[in-house]
Undergrad: 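Please find one structure pasted underneath; my questions will follow.
Just so it is clear: chains get the letters A, B, ... in the order the sequence lines come, proteins before strands, and each one is counted from 1.
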Protein chains: 2
Amino acid sequence: MSDRSRKTIKDVAAAAGVSIGTASRALNRTGRVSEATVIRVTKAAQKLGYQPDAIAQSLRLKSTKVVGMLVTDLSNPFFAGVIRAAEKRLQQAGYALLVGNTDNEKARERFLIDLFQRRRVDGLIAGPCESEDAEMLEELDRGGLPVIGFDRDFGAGQSGLHVDHRRAAFEATRHLLNLGHERIALLSSSSTLSPGRERIAGYAAALEERGIALNNALIRAHKSSMEFVASEALSLMSLRPAPTAFLCLGTRMLAGTLQGLRQNGLSVPDDVSVLTVGDTDLARLYAPSISAVTWDLESVGQMLAELMLRRLEEGESESEPRRIMIPTQFIDRESCAPPGHRPET
Amino acid sequence: MSDRSRKTIKDVAAAAGVSIGTASRALNRTGRVSEATVIRVTKAAQKLGYQPDAIAQSLRLKSTKVVGMLVTDLSNPFFAGVIRAAEKRLQQAGYALLVGNTDNEKARERFLIDLFQRRRVDGLIAGPCESEDAEMLEELDRGGLPVIGFDRDFGAGQSGLHVDHRRAAFEATRHLLNLGHERIALLSSSSTLSPGRERIAGYAAALEERGIALNNALIRAHKSSMEFVASEALSLMSLRPAPTAFLCLGTRMLAGTLQGLRQNGLSVPDDVSVLTVGDTDLARLYAPSISAVTWDLESVGQMLAELMLRRLEEGESESEPRRIMIPTQFIDRESCAPPGHRPET
DNA sequence: TAGCCTTGCACAAACGTTTTCACAATATGG
DNA sequence: CCATATTGTGAAAACGTTTGTGCAAGGCTA
């Protein structure tokens, strides 16, 4: 119980009166062991409270049963939900998930990849990161470390998963167009990461479909604080002609936009329509509730884990890379109305 | 480069023309090695792209440089922020953080602790969990595994950190009392976990200070979906006399309450005041903005890491257990007004 | 009954490190 | 110049597993 030293398989073997080799085979039910000794060894192990040392096993078996995951910010709810689901699924398969924050810095990503390699992770899930250089990960993958990309550009031979950000933004934009909006402001936190790029492309595609020229003055794409986004929103509203709708890409953009509009007494959707890609509590519960495009974080995490597990189980057969596209859903709420709405006044 | 097999210290030693013992000493700058060989070995290591195998090191050194963290739900933003900060600080010290979700189930907690032990984590940070039995963790701690509690009851000899939930709720309640409220509804997600218990105690203490009797009809404390919370809020409002203020303990409670009030056309703060313990985007940006009690997630995470690191570094000296109480701040916003406010109508 | 196959086990090697010990070579002191 | 520190190095043990190999004992076929 309160025994200082941990029990090793040696202790178990001694207690059962067999060699450590047999003890191991008995516990793992591998190789040829008589049923009698299996029972004897198992009992001894139980009595001693023996737990196999995962480190020693890793060393011997050349597999740590750990997969690493790279993410810009684990406290971002869109990642947190994915991580949660991925961890759950991996755990079922006996794997642990080691998460690292890149803070969207290339240097930190490098550092973490290095760290994960030293720790001998069995696989790597790589989320979007600044300057997603595919080569490094591709090299790792070729070098024998399974790499699964997540919302991230990667080499031709790799497996990965993408949320369909392009279609998400496309549908959101089209919804606004269908309401009659033509000047749609776009607020994005990033135009360099894959999700941001894809979303902007979807926005552009929807406009093009309607033959509306892209107006760069309406697009603001840089990461920034909520306060700055608020002022951006206001500066957009002071354009002439002013935009009649806001498409917010990401939760922080939505928060800033709402704050900015509210500070200036602009009401949604009477003065301006608002739509967001990426659903949050804020969008759901704001008054008025904000229409949003959403996707299932849990299934994203689960699929990521699944992809990784397949790569891990299938051994060397590597097969063809698997790619998954996660669909998105548009949720219509109260924040969108035809332009020039203003019911009374 | 694309070399299949990983380089070991053996390769480095061979390349530098020394024994593996000296290679190790040279790389770690430990023991007596001539400066010349240090340089030679270092160069060889660099050329080969040698990375020491953390697994082998762990086995030999009996330290994995990993700390485990137990949390009910890593996607809960209050935990996510803490985890993020803790991971950052631990990483600076060369430790990795392995997180596990208990889903607030005792069985899962048991399972994870077992898992962490098999993986030979160097330390354990244990967040609140259903039926926080202190004995198990205490035994672990005595058994040589440093355990740091987080918002969790634990044994007398253990170190830990608490957010001052009691005072948070106390101050929130007092603020409402000062405005003249006497019937304050309380919505809490849990009365069993330490934070929930403490908050309810704080609420009760503030009422008692004013000589107001605790009215159990005004208290709803169970974990539940947002929709159910909404209906709870409505049922509370249909009491006669109806509560004039809502104190929401936790973000989901706030969300449900706001939804319920809004569905029934009740306005904040004119019809009812609302106050929340635990600040979120929703509280900040809702119209009206919701007064809240907040605390710094980042410093919580950092302190947790710090406590753990001290335990880890100080070796066997164990010293006296360290305990830290994290203060909270009250943020007054727009959601509270004297009862019977109703400016116009 | 001789030969052979099967079964059950012990022994030892291996995984990649760190570290203790011993030993040679060189430096130091009288 | 001899005795003694000091320094640099290599050999080997150890960490706790898993697994290949060998060997003895017993059961089977012919």
Undergrad: Of all residues at least two apart in sequence or in a different chain, which pass the side chain to side chain donor-acceptor pair (under 3.5 Å) check with B/D53?
TA: A/R120
Undergrad: Please report the distance, rounded to the nearest Å, between NZ in B/K65 and C1' in C/dT17.
TA: 15 Å
Undergrad: B/L27 CG to C/dT19 P: how many Å, rounded?
TA: 13 Å
Undergrad: Ignoring hydrogens, what is the shortest heavy-atom contact between A/G100 and B/E87? Give both atom names and the distance.
TA: CA-OE2, 3.5 Å
Undergrad: So, B/E130 and B/R110, do they make that salt bridge, N to O below 4.0 Å?
TA: no
Undergrad: Which pairs, with at least one residue in residues 48-84 of chain A and sequence neighbours excluded, count as a ring pair (Phe, Tyr, Trp, His ring centres under 6.0 Å)?
TA: A/F78-A/W295
Undergrad: Round to the nearest Å and state the distance from A/I9 atom CD1 to D/dC15 atom C1'.
TA: 14 Å
Undergrad: Identify which nucleotide among C/dT17, C/dC15, D/dT17 has an atom closest to any side-chain atom of A/Q57, counting heavy atoms from C-beta outward.
TA: D/dT17
Undergrad: Name the nucleic acid region contacted by A/L59, choosing base, sugar-phosphate or nothing; use a 4.0 angstrom heavy-atom cut-off, strictly under.
TA: base
Undergrad: Could you list the protein-to-nucleotides 5-14 of chain C atom pairs, N/O on both sides, closer than 3.5 Å?
TA:
unit_1 : atom_1 : unit_2 : atom_2 : d
C/dG8  : O6     : A/R32  : NH2    : 3.2
C/dC9  : OP2    : A/S34  : N      : 3.0
C/dC9  : OP2    : A/S34  : OG     : 3.3
C/dC9  : OP2    : A/T37  : OG1    : 2.9
C/dA10 : OP2    : A/S19  : N      : 2.7
C/dA10 : OP2    : A/S19  : OG     : 3.2
C/dA10 : OP2    : A/T22  : OG1    : 2.7
C/dA10 : N6     : A/R25  : NH2    : 3.0
C/dA14 : N3     : A/R60  : NH1    : 3.3

Undergrad: Among all residues two or more places apart in sequence or in another chain, which pass the side chain to side chain contact (heavy atoms under 4.5 Å, CB included) test with B/S19?
TA: B/T22
Undergrad: Report the distance from atom CZ of B/R118 to atom P of D/dT17, rounded to the nearest whole Å.
TA: 12 Å
Undergrad: What's the closest nucleotide to the side chain of B/S24 if the choices are C/dG16, C/dT19, D/dT19?
TA: C/dT19
Undergrad: Measure from NZ on B/K7 to C1' on C/dT17 and round the result to the nearest Å.
TA: 18 Å
Undergrad: If you compare every side-chain N and O of B/K62 against the phosphate oxygens of D/dG16 (OP1, OP2), does one of them come in below 4.0 Å?
TA: yes
Undergrad: Measure CG/A/N28 against P/D/dG16 and give the value in whole Å, please.
TA: 17 Å
Undergrad: With sequence neighbours left out, write down each residue that passes side chain to side chain donor-acceptor pair (under 3.5 Å) with A/S75, or none if nothing qualifies.
TA: A/D73
Undergrad: Atom CZ of B/R6 and atom P of C/dG16: how far apart are they, to the nearest Å?
TA: 10 Å
Undergrad: I'd like to check the side chain to side chain donor-acceptor pair (under 3.5 Å) partners of B/T8; sequence neighbours left out, ordered by chain and number.
TA: none
Undergrad: Rounded to the nearest angstrom, tell me the gap between atom CG in A/L61 and atom P in C/dC15.
TA: 13 Å
